[in-house]
Number of protein chains: 2
Amino acid sequence: MRTVLKSKTKEITIDTSGPITIIGENINPTRRKKLTEGLLSGRLDYVFELAEAQIAAGADVLDINVGAPGVDEVTMLPLVALAIAERFDVPICLDSSNRAALAAALKVVPGKPLVNSVNGEEASLGALLPIIKEYEAAVIGLTMDDAGIPNDPEVRLSIAGRILERAAQIGIPTEDVVIDPLVLTVGADQKAGRVTLTTIEMVRSEFGININLGASNVSFGLPDRHTVNQAFLALAAGAGASCVITNPEKLTPIIRAADLLLGRDAYATRFIKDFRKRQALGLVPDGTPAKS
Amino acid sequence: MRTVLKSKTKEITIDTSGPITIIGENINPTRRKKLTEGLLSGRLDYVFELAEAQIAAGADVLDINVGAPGVDEVTMLPLVALAIAERFDVPICLDSSNRAALAAALKVVPGKPLVNSVNGEEASLGALLPIIKEYEAAVIGLTMDDAGIPNDPEVRLSIAGRILERAAQIGIPTEDVVIDPLVLTVGADQKAGRVTLTTIEMVRSEFGININLGASNVSFGLPDRHTVNQAFLALAAGAGASCVITNPEKLTPIIRAADLLLGRDAYATRFIKDFRKRQALGLVPDGTPAKS
C-alpha cells in the first residue's frame with residue numbers, strides 16, 4: 001500500500017514494500033534550547049540549519065514541532081512549516097495535537113502534508129479527522145487512547161482498527177492513515193520491544209497499511225542508546241515498519257542496511273551512495289559527526 | 001529446544017527461546033598472518049590472547065580453525081582445542097571438514113564440543129556423522145550440498161531436513177543438530193539477505209531447532225561493514241536465529257540489544273552490565289577498541 005505525500009513540486013511515497021521512508025525528527029524544541037530561543041524571537045536560521053542537515057543525511061520528510069513554553073503554536077506552526085516547505089521543497093509532517101495550530105498550518109502548507117498525530121480517543125478523532133479530510137492530508141494514528149498505551153498487542157490492534165474505521169467514515173482513504181504502534185523504553189519493561197514488534201506484525205497482517213515508528217523512546221534511560229536504537233530499527237523493519245521518525249544524522253545508515261538486507265537495494269547502490277555522501281559530509285560510518 | 005554444549009566443568013545452552021549464544025570466530029588464520037605463524041611454530045601465546053579477548057567481550061563458545069597452508073590440521077586441531085579447553089574452561093567449536101582432524105580433536109577435547117560443520121553432501125554426512133555420534137558431540141549443518149548454496153529457501157529447508165534425517169538415523173538427537181542457513185554477500189545479490197532470513201523462519205517453523213549464523217559474509221565487499229553486520233544480526237535474531245559465529249569484540253553490543261528488544265533481558269540487566277564491562281575494557285560502545 002502506498003501513502004503519497006507531496007511538497008511544492010515533489011512526491012514522496014511511503015510504501016509497505018519499502019524502502020523505508022525517513023522523517024527527520026530534529027525540528028523539535030525538546031532538549032534544544034537554541035531552537036526554543038529561535039522560535040520565541042521569530043528567527044528561523046537555526047530551523048533552516050536543522051532542516052538542511054537532516055535532508056543531507058537522508059530525511060525524506062521533515063517533522064515540525066514548535067511546542068515549547070511561551071511559543072504560540074497557532075502562529076508558529078504555519079509560519080515554520082511554510083518557510084521550510086518553500087525553502088526546501090520537502091513534504092512536511094505537522095507535529096501537534098492542537099487543532100487550531102494544525103488547521104492554520106494545513107491552510108498554508110503546499111502539497112500534501114502528514115499530520116502527526118491522532119490517537120484512539122474520541123476527543124482526538126473528533127477534533128482532528130475533519131480538518132485532515134478537509135485539507136486532504138495524510139495522518140499518523142497512535143495506538144493509544146483515554147486509557148493510555150495498552151500492554152497488549154491485541155488492544156493496540158483494536159485501537160488501530162478504530163482509527164481506520166473513523167477515518168473511513170469521514171472519507172479519508174485507508175492509504176492516507178499510517179499507524180504508529182508506539183514503543184516504550186525497554187529499560188523499564190522488558191516486554192516493551194516485543195509488544196511493539198508484535199503489534200507491527202499484526203497491524204500489517206490485518207490491515208496491510210503503512211506503519212510508522214518513533215525510534216528513540218525505546219532506549220530512554222539506557223547507556224549506549226545508539227546501539228539499542230539501531231537494533232530496534234532493524235527489528236522493526238524486519239517486522240514490517242515502512243516509515244520512521246528519527247534522527248537521520250545518526251540512524252540513516254542502519255535503515256539503509258536494513259533495506260539492503262531485506263532485498264530492496266539492488267547491487268547495494270543506495271547503501272554505497274549514502275556512505276560516500278556521509279564521508280563527504282564528515283559523518284563517520286556510525287553516524288556520529290566526526291568533529292563536534 | 002535446547003542444545004547443550006559442555007566444557008571441562010561448565011555447560012552452555014543454545015536455546016531457541018534465547019538469549020543468543022555467541023561463538024567467537026577469531027581463532028581462524030584467514031587474514032591473521034600472526035596466527036598462522038604461531039600455528040606453524042607451535043607457539044600458542046597469540047591463540048590464548050585471542051581466546052581471552054573474545055571471552056572478555058562476551059563469547060560463550062570459541063570456534064577453533066587451524067586451516068592454513070603448511071599447518072597439519074590432524075596435529076594442530078586437537079592440540080589447540082585441548083589447550084584452549086584446559087586453560088579457559090569454555091566449550092569448543094571444532095571448525096574443520098577434515099575427518100581425521102575432527103576425530104583426533106573429538107578424542108581429546110573435554111566436555112561436549114560443537115562440530116562446525118557438515119553439509120548436505122553424502123560425502124560430508126557419511127564421513128562426519130559417525131564420529132559426531134561416537135563422541136556424542138553436537139553439530140552445525142550447513143544448508144548446501146554438491147550443487148552449491150541454493151538461492152531458494154525451500155531448497156535450503158529441504159537440505160536441512162535431509163541433514164536432520166541422516167543425523168536421526170545414526171542416533172544423533174535432533175537437539176544436537178544446529179542448522180546454519182548460510183548467507184552470501186548482499187553486495188553481489190540483493191536477495192541474499194532476504195533468502196537467508198526466510199530460511200531461518202522456515203527452518204524454525206518446520207523443525208523448531210536452533211539456528212546458527214555466521215555474521216560477516218553478508219557484508220563482504222561493502223563499505224561500512226560494521227553497520228551491515230549489525231543490521232543483519234538484529235534481523236536474524238528477529239527471524240529466529242539463536243546462535244551466531246561472530247567477532248564478539250565488535251558485535252556483542254548489537255546482539256545484547258536485540259535480546260533486550262525481544263524481551264529476554266529483564267530491566268536491561270545484562271545489556272547494562274555488558275556495557276560497563278566494555279567501558280572497563282576500553283572498548284567504545286560500537287565495539288571498536290578505543291585505542292588501537
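Below, each value reflects all heavy atoms present in this structure, side chains not excepted, and no hydrogens, waters or symmetry copies. In what follows, chains are A, B, ... by sequence order, proteins preceding strands, each numbered from 1.
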Checklist entry - Is there a side chain to side chain contact (heavy atoms under 4.5 Å, CB included) between A:F271 and B:V228 once you walk through the steps? => result CA-CA 10 Å; A:F271 181 80; B:V228 179; 3.3 Å; yes
Quick one: does any side-chain atom of [X] pair with a main-chain N or O of [Y] as donor and acceptor, under 3.5 Å?
{"X": "B:K277", "Y": "B:A56", "result": "yes"}
{"X": "B:Q54", "Y": "B:E25", "result": "yes"}
{"X": "B:T13", "Y": "B:T3", "result": "no"}
{"X": "B:R32", "Y": "B:N26", "result": "yes"}
{"X": "B:R256", "Y": "B:L251", "result": "no"}

Next on the checklist: Would A:E175 and A:R2 count as a side chain to side chain contact (heavy atoms under 4.5 Å, CB included) here? Give the steps.
Outcome noted: CA-CA 6 Å; A:E175 64 263 29; A:R2 295 158 60 89; over 6 Å; no
Item to check | Interatomic spacing from OG1 in A:T143 to CD1 in A:I149 - rounded to 0.5 Å | outcome: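 Separation between the atoms: 7.5 Å.
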Checklist entry - Salt bridge check: are B:D145 and B:R162 linked by an N-O gap of less than 4.0 Å? => result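 Yes.
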Checklist entry - Residues in side chain to side chain donor-acceptor pair (under 3.5 Å) with A:D60, at least two apart? => result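 Result, side chain to side chain donor-acceptor pair (under 3.5 Å) vs A:D60: none returned.
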Item to check | Shortest non-hydrogen separation from B:T252 to B:A57 and the atoms involved | outcome: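 Between these two residues, the closest heavy atoms are OG1-O, 2.8 Å.
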Checklist entry - Who in residues 235-248 of chain A is close to chain B, using a strict under-4.5 Å heavy-atom cut-off? => result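 Residues in range: A:L235, A:G238.
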Checklist entry - Taking non-hydrogen atoms and a cut-off under 4.5 angstrom, which of residues 195-220 of chain A neighbour chain B? => result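 When heavy atoms of chain B are the reference, residues 195-220 of chain A contributes A:L197, A:V218 within the under-4.5 Å range.
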Item to check | Proximal to chain A - members of residues 260-269 of chain B, heavy-atom separation under 4.5 Å | outcome: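 So the qualifying residues are B:L260, B:L261, B:L262, B:G263, B:R264, B:D265, B:A266, B:Y267, B:A268.
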Checklist entry - Which bit of A:I254 comes within less than 4.5 Å of chain B, counting heavy atoms only: side chain, backbone, both or neither? => result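 For A:I254, heavy atoms of backbone and side chain both lie under 4.5 Å from chain B.
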